[in-house]
Amino acid sequence: MIGRLNHVAIAVPDLEAAMALYRTTLGAKVSEPVDQPDHGVVTVFVELPNTKIELLYPLGDKSPIVNFLERNPAGGVHHICYEVEDILVARDQLKAAGARVLGDGEPKIGAHGKPVLFLHPKDMFGTLVEIEQV
Ligand SMILES: CC[C@H](C(=O)O)C(=O)SCCNC(=O)CCNC(=O)[C@H](O)C(C)(C)COP(=O)(O)OP(=O)(O)OC[C@H]1O[C@@H](n2cnc3c(N)ncnc32)[C@H](O)[C@@H]1OP(=O)(O)O
Ligand SMILES: [Co+2]
């Protein structure tokens, strides 16, 4: 079911500083910030030869990453995103296997303009997992 690793997301308390670290200190190609109001975050993508790093910053006080940053004030790895061919088939298989699909269970359009869903970290060995249909 899961395919390539699409991205690893890091929630950060200071987006400009994180962009400078990846762009200047680490010498990577870093996008400009994009507000994602449907998801309550601002996203920046760091392009790597074999995957991407998604830098996440809260957008609005109801952002789903506010609690995470309160628990991890210096920031931290927030989720990993795997690619799937058919997100509805994947969703139904995951639900049948007992995994909790977050939100209303219907895919939303993510940062790449593709449908995404999230699986509860408690069902994924402590890791918030995102699946993205590509
Ligand atoms: C533009 C879209 C973009 C894309 O790639 O296309 C994105 O990736 S958007 C990313 C932001 N959106 C989301 O993260 C949506 C899914 N997330 C959620 O619904 C929440 O973050 C949730 C439910 C995973 C956690 O919410 P919250 O922290 O408010 O809940 P709790 O405090 O009750 O936590 C419950 C329990 O889970 C542990 N937890 C929370 N977040 C994580 C995490 N990122 N990784 C691992 N574990 C996590 C938390 O510590 C609690 O554990 P406990 O042992 O009960 O203390
Ligand atoms: Co993501």
Side-chain angles (χ1 to χ4, degrees):
M1 173 202 301
I2 59 172
R4 291 171 4 121
L5 173 68
N6 183 276
H7 61 269
V8 176
I10 300 173
V12 297
D14 181 337
L15 191 56
E16 291 298 324
M19 290 170 67
L21 173 75
Y22 274 88
R23 183 176 280 152
T24 308
T25 309
L26 298 175
K29 184 168 169 263
V30 178
S31 79
E32 289 306 308
V34 177
D35 285 2
Q36 305 284 353
D38 284 357
H39 294 268
V41 293
V42 185
T43 56
V44 166
F45 278 94
V46 178
E47 297 291 335
L48 302 178
N50 63 333
T51 190
K52 294 181 277 294
I53 301 299
E54 179 182 56
L55 302 176
L56 292 174
Y57 185 75
L59 181 65
D61 51 11
K62 292 196 173 34
S63 170
I65 67 170
V66 164
N67 285 353
F68 181 90
L69 283 169
E70 280 170 7
R71 286 192 299 271
N72 305 277
V77 173
H78 182 260
H79 65 268
I80 52 178
C81 180
Y82 302 118
E83 294 179 357
V84 294
E85 278 183 22
D86 184 322
I87 199 162
L88 296 180
V89 167
R91 177 196 63 186
D92 295 346
Q93 285 179 359
L94 287 157
K95 284 170 73 171
R100 284 166 285 179
V101 177
L102 295 168
D104 65 3
E106 292 307 316
K108 278 187 184 175
I109 298 303
H112 301 127
K114 305 281 180 59
V116 300
L117 281 171
F118 288 87
L119 306 172
H120 201 290
K122 293 299 181 194
D123 303 325
M124 297 281 140
F125 289 98
T127 306
L128 178 60
V129 168
E130 177 183 11
I131 54 175
E132 176 176 328
Q133 178 174 302
V134 295

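Counting starts at 1 for both ligands and their atoms, following the listed order.
The minimum heavy-atom distance between Gly40 and Pro64, with the atom names listed, is O-CD, 4.0 Å. Closest of all the heavy-atom pairs between Val44 and Ser31 is CG1-O, 3.4 Å. Heavy atoms only, all atoms of each residue included: Val84 and Ala90 are closest at CG1-CB, 4.1 Å. The nearest pair of heavy atoms linking Gln133 to Lys114 is O-CB, 3.2 Å. Considering all non-hydrogen atoms of both residues, Leu69 and Gly75 come closest at CD2-CA, 4.0 Å. Pairing each heavy atom of Lys95 with each of Val101, the nearest pair is CG-CG2, 3.6 Å.
In terms of polar-atom proximity, Val41 is not counted as a contact of ligand 1, lacking any N or O under 3.5 Å from an N or O of the ligand. In terms of N/O distances under 3.5 Å, ligand 1 is not approached by Gln36. An N or O contact shorter than 3.5 Å links His7 to ligand 1 by distance. Checking only distances, His79 does come within under 3.5 Å of ligand 1, N or O to N or O. Residue Glu130 has at least one nitrogen or oxygen atom sitting less than 3.5 Å from a nitrogen or oxygen atom of ligand 1, judged on distance alone. For ligand 1, one of its N or O atoms has an N or O atom of Pro64 under 3.5 Å away.
Among the atoms of Cys81, no N, O or S atom is found under 2.8 Å from the Co ion (ligand 2). Here His78 does not reach the Co ion (ligand 2): none of its N/O/S atoms is less than 2.8 Å from the metal. Look at Glu54 and the Co ion (ligand 2): an N/O/S atom of the residue is under 2.8 Å from the metal.
The backbone N or O of Cys81 sits nowhere less than 3.5 Å from a side-chain atom of Asn6 that would complete a donor-acceptor pair. Between the side chain of Thr127 and the backbone N or O of Pro121 there is no donor-acceptor pair closer than 3.5 Å. Between the side chain of Arg4 and the backbone N or O of Glu83, no donor-acceptor pair lies under 3.5 Å. Proximity of a side-chain donor or acceptor of Ser63 to a complementary backbone N or O of Ile65 within less than 3.5 Å is detected. Within the 3.5 Å criterion, the main-chain N or O of Pro37 finds no donor-acceptor partner in the side chain of Asp35.
Closest heavy-atom approach to atom 24 (C) of ligand 1 among the candidates Val116, Thr127, Thr43, Leu102: Leu102.
In this structure, the protein non-hydrogen atom closest to atom 14 (O) of ligand 1 is His78 CE1, 3.1 Å. Scanning all protein heavy atoms for the shortest distance to atom 36 (C) of ligand 1 gives Lys122 CE, 4.0 Å. Here the protein heavy atom with the shortest distance to atom 5 (O) of ligand 1 is Glu54 OE2, 2.7 Å. If you check which protein heavy atom lies closest to atom 46 (C) of ligand 1, you get Gly126 O, 3.2 Å. For atom 9 (S) of ligand 1, the closest non-hydrogen atom on the protein side is Phe118 CZ, 3.8 Å. Closest protein heavy atom to atom 30 (O) of ligand 1: Asn67 ND2, 4.4 Å. Ranking protein heavy atoms by distance to atom 37 (O) of ligand 1, first place goes to Pro121 CG, 3.8 Å. Of the protein's heavy atoms, Arg71 NH2, 3.0 Å lies nearest to atom 40 (C) of ligand 1.
No option in Ile131, Ile87, Val134 other than Ile87 meets the side chain to side chain contact (heavy atoms under 4.5 Å, CB included) test with Pro115.
In this structure, atom 56 (O) of ligand 1 is not in close contact with the protein, since no protein heavy atom lies within 4.0 Å of it. Within a 4.0 Å radius of atom 22 (C) of ligand 1, the protein has no heavy atom. The presence of a protein heavy atom under 4.0 Å from atom 7 (C) of ligand 1 is confirmed.
Atom CG of Leu119 and atom CG of Leu128 lie 8.0 Å apart (nearest 0.5 Å).
Per-residue contacts place Gly110 under 4.0 angstrom from the following atoms of ligand 1 (heavy atoms of the residue considered): 6 (O).
Glu130 and His7 are linked by a side-chain donor-acceptor pair at a separation below 3.5 angstrom, with hydrogens and angles left out of the test.
Angle NE2 (His7) to the Co ion (ligand 2) to OE1 (Glu130): 90°, rounded to 10°.
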